[in-house]
Amino acid sequence: MNTKTILLALASVAVPLCTNAQIITDMTTGHAVSRNDDQVELQLPQTTNYLRSTTADGHTVYVPQRHVNMQAGQTVNVTFVYDYNANEATPMSLTIYNSQQGIFAVDKNGKNATFTAQVPVGTYDMHAMFKGKPTGTYAVFKENVTIDQDTTLTFSKAEAIVPFMFKVYDENGTQLTLDKYSGGTVAENGNTNSYRSYSFFALKGMGVVHTIIGGSYRVKDYDVDYYINKVSDRFNLLHICNMRSTLNNCTYFFKFETPLNAAATLESKPANLTLYKQKFTPTPAGEKEPASHIYGNRVWCTYNGQVLLSGKAENKNMVLENNENMFYLDLPEPADKGFAVMVNPMMGDTYIEKNKQYKHIVGLPVTGNKSAGMRVVDYGYDILDGFVIPVGGGAATVYPGHPALSWKDNGENYTYGNNCPIVSVKSKDYDGKSTKLLTYLGRYGEIYETDGTTVVKSQETNGDFIDYTFIQENIKVDDMNGKNITTLHHKSSGGDMTAPSIQMLRFVQLPESGGNDNRLISDRITGNGELEFVAGDMQYHHDKTNASMRYYECKPVSKVEVAYAKHGTDTWNELQAIEVPEYYFMPGFGHFYKASLSTVASDGEWFDLKIKLTDASGNTQTQTLMPAVFIKSCNTGIGFTRVNREGTICYKNGIIRTEHPAQIIICTIDGKIAKHTYGTSLETNALAKGVYVIKAITANGESATLKIVL
């Protein structure tokens, strides 16, 4: 896999020893495999300054820049020795760690077989890494080593004799394999044309202490992934891999976890794979560039909710058919936070020739598998910085996401796009400076990267305040041109220069029976519906010397005003928004509000929405979404108009079809939503046998029902 690595690092930053920053070894840099493959961008937490080094055999190592706490007590000289046969292996790195000193590399490249390092007195766990010849990865651990005087420690590669292997299979039980090389040429053909893996060594009570990035180069007759020496069950091996099959051109994601105290061959189960399909609608700018609608994904690896690393992949030679991204998942969620892996579906939207960069629509990450089901995780939108740093500082947190805005995926055919987005404004106000970072978010929380380049900005002084205006017109909803106008009005100086911000907004179709089950996220409401949004007065805290202490604190919003108007008019009516305190969530979100749409009387039409937020200092943000939501009132209490029109809706050969685009909802006989989409067709193959009621609501308010038996 071709690799493009970007390190989100800050120079001259002292990293606290309590973080989980660990040494990272990129094995993909040792061999270049020539093929039409994904481009991968690696991103590491911005709060850690990683220094890049190269091992003796050409692999890249990223070492966190840390300042060992020499003031904690006496230090001694430790001589470390790599014991190995130079014809069989080369050393790569040596890492020691404990809860007092954290994790630090005493050697980052393995270029000297013997070296001496100054180490504070204490009891440590540690490990050395070796790279085998012609291939193979070896780790030699030492546990609970007390260092209280000058000493010599030897790490013998020959002790690493405990094998660990991973085998993965597609949904039909066919093993997915890579090409195997001999003498630099392919000796045995595999059935995949893309591969990426992330392996982690984790110590109980300490967290992840080492990361290994693996690529697609494999040597014939060498099938063991790792050799480890004999250790206790205090150490675990965590592993995730993804590959694209040449049999169906689909990508597969797998996750494994095992203790290191016994040899293991870990195999995936085909029955656990679940197929995830995600439909996208390009922005108006993207509609003009169908060749830019390329495949992409982002993988998140987390431990106890904190980000270990994130890998973004795209393939410019894979244009998505029908703008639909598909991949298979077997990423079981941990019982506690533990080791969790998520994948964002992505579709290219536009291409920026100036910097040779695609702008994507980035969907929310998904996790889970067939046996436990999938979950869509809304952690916000920030990538490793700012909004995902916990209040008070620390490591970036993205899992398990906002409990009220994340949801269980039951096979719904929702579409990213085709709505008027909000803009989340990240204001970095400190030392008299003010920086505004804009992210446009769709109704589910999807990110529109193109909108960051098409927004029109202006500002002017208004007494003691500055007024900013952001106009976004790269919007189309059904056949209507849309617009988002956002204004910020905040003080030009002083202790509070930050206006409040909206972090997420959506509309929810409530079930006919009431309650919170089977709530449907939709911009097209018939009958009973609600507006939900989260917002806060996000105050930035900047630390000049410690990047992990840069975070946002959410202060209360003093006043929240919500109004609606018929689309294209300027006659505004108030909606009463109430706060739901139990849904307050940080980092990244803030206060949760909802407003009932039951007071909006409509025979079926589109409405604009305006939200104004005011903080205690008089700073304001106002967002106007045009159009925002389609509403058709229902005075019967049923929730849907019972009108059948010939040709409006039909069912044949397992597919429901509508004459015009509509919100298609499949309900069980007791009213629970089994499946839904917005479009002109919806498959029923995955549904259990039984009686179902089909409901379809078009954009102009026409509705139809149909009862079917499967």
Side-chain angles (χ1 to χ4, degrees), residues 364 378-382 387 391 401-407 419-427 439-446 484-490 498-510 514-516 519-523 525 528-539 552-565 572-600 607-629 631:
L364 271 66
D378 192 343
Y379 66 87
Y381 69 85
D382 209 345
F387 280 149
V391 176
H402 194 302
L405 297 177
S406 305
W407 71 89
N419 58 65
C420 182
I422 65 165
V423 59
S424 175
V425 183
K426 184 199 296 182
S427 297
T439 301
Y440 283 87
L441 304 172
R443 205 58 73 234
Y444 296 91
E446 68 270 30
N484 176 311
I485 300 177
T486 297
T487 60
L488 303 185
H489 174 78
H490 69 77
T498 302
S501 61
I502 301 176
Q503 300 297 85
M504 179 63 188
L505 182 147
R506 69 186 188 183
F507 299 95
V508 178
Q509 173 79 59
L510 300 178
N516 291 322
R519 293 155 56 88
L520 177 65
I521 303 170
S522 176
D523 284 355
I525 302 298
N528 193 16
E530 284 183 343
L531 162 67
E532 297 179 343
F533 63 97
V534 291
D537 190 15
M538 299 296 185
Q539 300 289 320
Y552 284 84
E553 176 187 7
C554 180
K555 293 186 177 181
V557 178
S558 298
K559 189 176 182 180
V560 176
E561 301 169 80
V562 182
Y564 67 93
W572 295 94
N573 303 280
E574 182 183 1
L575 276 179
Q576 185 63 45
I578 61 172
E579 185 177 355
V580 185
E582 59 267 32
Y583 289 162
Y584 174 85
F585 187 91
M586 283 293 285
F589 291 96
H591 302 275
F592 191 101
Y593 301 90
K594 68 177 182 179
S596 173
L597 301 175
S598 61
T599 59
V600 183
F607 290 86
D608 299 336
L609 183 73
K610 182 185 293 185
I611 297 180
K612 182 178 181 180
L613 309 173
T614 305
D615 69 12
S617 299
N619 302 315
T620 65
Q621 180 190 114
T622 304
Q623 284 205 39
T624 305
L625 282 61
M626 303 174 284
V629 61
I631 299 176

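Since the structure is predicted, the reported quantities are computational estimates derived from the model, not experimental observations.
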(message) Within this structure, what is the CG-CZ distance for the pair L597 and F507, rounded to the nearest 0.5 Å?
(response) 6.5 Å
(request) Would you mind reporting whether H490 and T498 have side-chain heavy atoms less than 4.5 Å apart? (result) no
(message) Going by side-chain contact (heavy atoms from CB on, under 4.5 Å), Y593 matches just one of V557, L531, V562. Which one?
(response) V557
(request) Considering non-hydrogen atoms only, spot the tightest contact between M538 and S501 and give its length. (result) CG-OG, 3.8 Å
(message) Ring-plane angle category for H591 and Y584, please: parallel below 30°, perpendicular beyond 60°, tilted otherwise.
(response) tilted
(request) Could you tell me whether a side-chain N or O of S424 sits under 3.5 Å from a main-chain N or O of Q503, the two making a donor and an acceptor? (result) no
(request) Identify whether the distance between the nearest side-chain nitrogen and carboxylate oxygen of K555 and D615 falls below 4.0 Å. (result) no
(request) Output yes when a side-chain donor or acceptor of N528 lies under 3.5 Å from a complementary backbone atom of L510, and no otherwise. (result) no
(message) To check you understand the geometry: which heavy-atom pair defines the closest contact between N619 and A499, and what is its length?
(response) CB-CA, 3.8 Å
(request) Could you tell me which non-hydrogen atom of L609 sits nearest to which non-hydrogen atom of A628, and how far apart they are? (result) CB-CB, 3.6 Å
(request) Can you sort out the partners of Y444 under side-chain contact (heavy atoms from CB on, under 4.5 Å), two or more places apart, ordered by chain and number? (result) W407, Y414, Y416, E446, I521
(request) Might you point out which heavy atoms bring T599 and Y564 nearest each other, and give the distance in Å? (result) O-OH, 3.8 Å
(message) Keeping Y552 on the side-chain end and S427 on the backbone end, is there a donor-acceptor pair under 3.5 Å?
(response) yes
(request) Would you check if the side chain of R443 reaches a backbone N or O of C420 as a donor-acceptor pair within less than 3.5 Å? (result) yes
(message) With a 3.5 Å distance limit and no angle check, can you tell me whether H489 reaches the backbone of T614 through a side-chain donor-acceptor pair?
(response) no
